[in-house]
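For ligands, and for the atoms within them, numbers begin at 1 and follow the listed sequence. All residue numbers refer to positions in the sequence shown, counting from 1. Only a predicted model underlies this, so the values are computations on that prediction, with no experimental measurement involved.
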Amino acid sequence: MPPPNNNEADSSETVFGEIVRGTISADVVYQDELVTAFRDIQPRAPVHILIVPNKTIRTMDDVKQEDEATLGRMLRIAADIARNEGLGKNGYRLIINCKEHGGQEVYHLHMHIVGGTRLGRMVAQ
Ligand code: AMP
């Protein structure tokens, strides 16, 4: 795996930034110069992986035009990871929570890859 290209800590760094830089451990399943993917510490499904940009983007509301390549990479790698995890045939769900109403807990943009079972309704009634 090539190392990420952002080795500098950032004042808004969260636990995910530390995982990207390798200063705290996680079950990393993929890393390149733009994104890092690791297993969720509290899985809500048989497969639950988070994919994050290596640079700190706090929320979807902070995404800029310059981040298009990173977000594209997140989606493409998510599909590759899902296939590698055996989710290609039956499918899976990708989720990005944004801020308070979206239920975002960690303010470092991340996409959940969840699957391995039939998932419930997308939004609770
Ligand atoms: P969200 O509610 O979208 O912000 O999701 C945050 C997710 O991060 C939750 O599913 C947590 O279980 C997960 N999480 C928090 N800390 C860690 C960690 N150190 N390693 C892996 N996953 C984590």
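Of all the listed residues (D40, V52, I49), D40 holds the heavy atom that lies closest to atom 10 (O) of ligand 1.
In this structure, the side chains of M60 and L71 come closer than 4.5 Å at one or more pairs of heavy atoms. Put simply, the side chain of L109 does not reach to within 4.5 Å of the side chain of T59, judged on heavy atoms. Under the 4.5 Å side-chain criterion, counting only non-hydrogen atoms from C-beta, I57 is not in contact with K64. Counting heavy atoms from C-beta on, the side chains of V114 and V47 never come closer than 4.5 Å.
Each of the atoms 19 (N) of ligand 1 lies under 4.0 Å from some heavy atom of V15. Close contacts of ligand 1 with Q42, meaning ligand atoms under 4.0 Å from a residue heavy atom, involve 12 (O). Taking every non-hydrogen atom of Q104 and a distance limit under 4.0 Å, the qualifying atoms of ligand 1 come out as 4 (O). Atoms of ligand 1 found under 4.0 Å from any heavy atom of L50 (numbered from 1 in listed order, with element): 8 (O), 13 (C), 22 (N). Remark: ligand 1 atoms within the under-4.0 Å shell around heavy atoms of R39 are 21 (C). Heavy-atom contacts of F38 reach the following atoms of ligand 1: 21 (C) (cutoff under 4.0 Å). Atoms of ligand 1 lying under 4.0 Å from at least one heavy atom of N97, given by number and element, are 1 (P), 2 (O), 3 (O).
Side-chain polar atoms of D67 and T70 form no donor-acceptor pair below 3.5 angstrom.
For ligand 1, none of its N or O atoms has an N or O atom of F16 under 3.5 Å away. Looking at ligand 1, you'll find an N or O of E105 within less than 3.5 Å of one of its N or O atoms.
Taking 4.0 Å as the cut-off, Y107 does not count as a neighbour of ligand 1 on heavy-atom distance. The shell of residues lying under 4.0 angstrom from ligand 1, judged by heavy atoms, includes G103.
Of all protein heavy atoms, the one closest to atom 1 (P) of ligand 1 is H110 NE2, 3.1 Å.
Between H110 and F16, the ring-plane angle classifies as perpendicular under the 30° and 60° cut-offs.
At a heavy-atom distance under 4.0 Å, atoms from both the backbone and the side chain of I41 approach ligand 1. Looking at R44 against ligand 1, only its side chain comes within 4.0 Å, counting heavy atoms.
In this structure, F38 is not a member of the same hydrophobic cluster as I95, with clusters built from ILVMFWY side-chain heavy atoms closer than 4.5 Å. Note on I19 and Y107: separate hydrophobic clusters, where clusters join Ile, Leu, Val, Met, Phe, Trp and Tyr whose side-chain heavy atoms are under 4.5 Å apart, directly or indirectly.
D32 and R73 make their closest contact through OD2-NH1, 2.8 Å (heavy atoms, listed as atom of the first residue, atom of the second, distance).
No more than 12 heavy atoms of other residues, nucleotides or ligands sit less than 6.0 Å from atom CD of E100.
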